[in-house]
**Q** 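For reference, the structure I am asking about is given below.
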Amino acid sequence: AQKITQTQPGMFVQEKEAVTLDCTYDTSDPSYGLFWYKQPSSGEMIFLIYQGSYDQQNATEGRYSLNFQKARKSANLVISASQLGDSAMYFCAMREAYNQGGKLIFGQGTELSVKP
Amino acid sequence: KAGVTQTPRYLIKTRGQQVTLSCSPISGHRSVSWYQQTPGQGLQFLFEYFSETQRNKGNFPGRFSGRQFSNSRSEMNVSTLELGDSALYLCASSLDTRRTGELFFGEGSRLTVL
């Protein structure tokens, strides 16, 4: 079974509008962490935001926020005021149990295109 | 502060050859993880090293191996290359990922196997 599911292979958004990228996850571990990364065409994975399973509040980092709905096992990324430079692949990832260290499980990604 | 550096950035090999990829983590980072990215399989975890010891390992055949040196630099080796090994190999470093630390990735080494 897929541990991380990103159901939107590609999305378009108008510049300056907000966009939500979906991510659902599956784990039986009570302690886990959820990440979002951005991958431009250069290949480098850029960390955007992190949410721990015990965090009470939704994570925010500048224009990025994570809509964490634990009961529904979803961790959607919201990008406010989209910019042309936001065009990239976006990956949702999970670390199951804190002792998994550098082992992240990634979703298949969503390709976001921002239109001027 | 320099980021994660991977060399070489691009390389072409033929089936049956071996390849060694290098990763220099961010200064002070002791954890180095390796990932393989392909269009079909996506991003898959290969292994993680921390203080010269392999701490985690993914589901890859024994042809894939790695090591970490005392300065935290890491290398991964793929022996007897197959066409399916063509991929972007990403290295990531972190202070210590056992808590909430995020991984900082390099730009990757793109391997083409002919």
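So that the names make sense, note that chain A is the first sequence line, chain B the second, and so on, each numbered from 1. Predicted model only: the values in this text are computed from it and were never measured. Computation of the quantities below employed the complete heavy-atom set of this structure, encompassing side-chain atoms and omitting hydrogens, waters and symmetry-equivalent molecules.
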**Q** Quick one: do B:F50 and B:F64 end up in the same hydrophobic cluster if we chain Ile, Leu, Val, Met, Phe, Trp and Tyr together by side-chain heavy atoms under 4.5 Å apart?
**A** no

**Q** Given that the side chain runs from C-beta out, which part of B:R9 has a heavy atom under 4.5 Å from chain A: side chain, backbone, both or neither?
**A** side chain

**Q** Under a 4.5 Å heavy-atom cut-off, does chain A meet the side chain of B:L43, its backbone, both or neither?
**A** both

**Q** Mind checking whether B:L90 and B:Y10 sit in one hydrophobic cluster, side chains of I, L, V, M, F, W, Y counted as touching below 4.5 Å?
**A** no

**Q** Where the side chain of B:E107 meets the backbone of A:E44, is there a donor-acceptor pair that is under 3.5 Å apart?
**A** no

**Q** When the aromatic ring centroids of B:F105 and A:Y37 are compared, is their separation below 6.0 Å?
**A** yes

**Q** Near B:N59 CG, under 6.0 Å, is it more than 12 heavy atoms from other residues, nucleotides or ligands?
**A** no

**Q** Take atom CZ in A:F12; do more than 12 heavy atoms of anything else shown fall under 6.0 Å from it?
**A** no

**Q** Quick one: are B:Q44 and A:I105 in side-chain contact, heavy atoms under 4.5 Å?
**A** no

**Q** Can you say whether B:Q41 sits under 4.5 Å from chain A via the side chain, the backbone, both, or neither, judging by heavy atoms?
**A** backbone

**Q** Please name the pair of heavy atoms, one in B:F45 and one in A:L104, separated by the smallest distance, quoted to 0.1 Å.
**A** CB-O, 4.2 Å

**Q** Would you please indicate yes or no on a ring centroid separation below 6.0 angstrom for A:F106 and B:Y35?
**A** yes

**Q** Please name the residue in the list A:R95, A:K103, A:M45 that meets the side-chain contact (heavy atoms from CB on, under 4.5 Å) test with B:L103.
**A** A:R95

**Q** Using every non-hydrogen atom in the two residues, find where A:G102 and B:S33 come nearest and quote the distance to one decimal.
**A** CA-OG, 3.3 Å

**Q** Take atom NZ of A:K16 as the centre, draw a 6.0 Å sphere, and report whether it contains more than 12 heavy atoms from other residues, nucleotides or ligands.
**A** no

**Q** Do B:Y49 and B:V4 sit in the same hydrophobic cluster, where Ile, Leu, Val, Met, Phe, Trp and Tyr count as joined when their side-chain heavy atoms come under 4.5 Å apart?
**A** no

**Q** Is it true that atom NZ of B:K57 has more than 12 heavy atoms of other residues, nucleotides or ligands lying nearer than 6.0 Å?
**A** yes

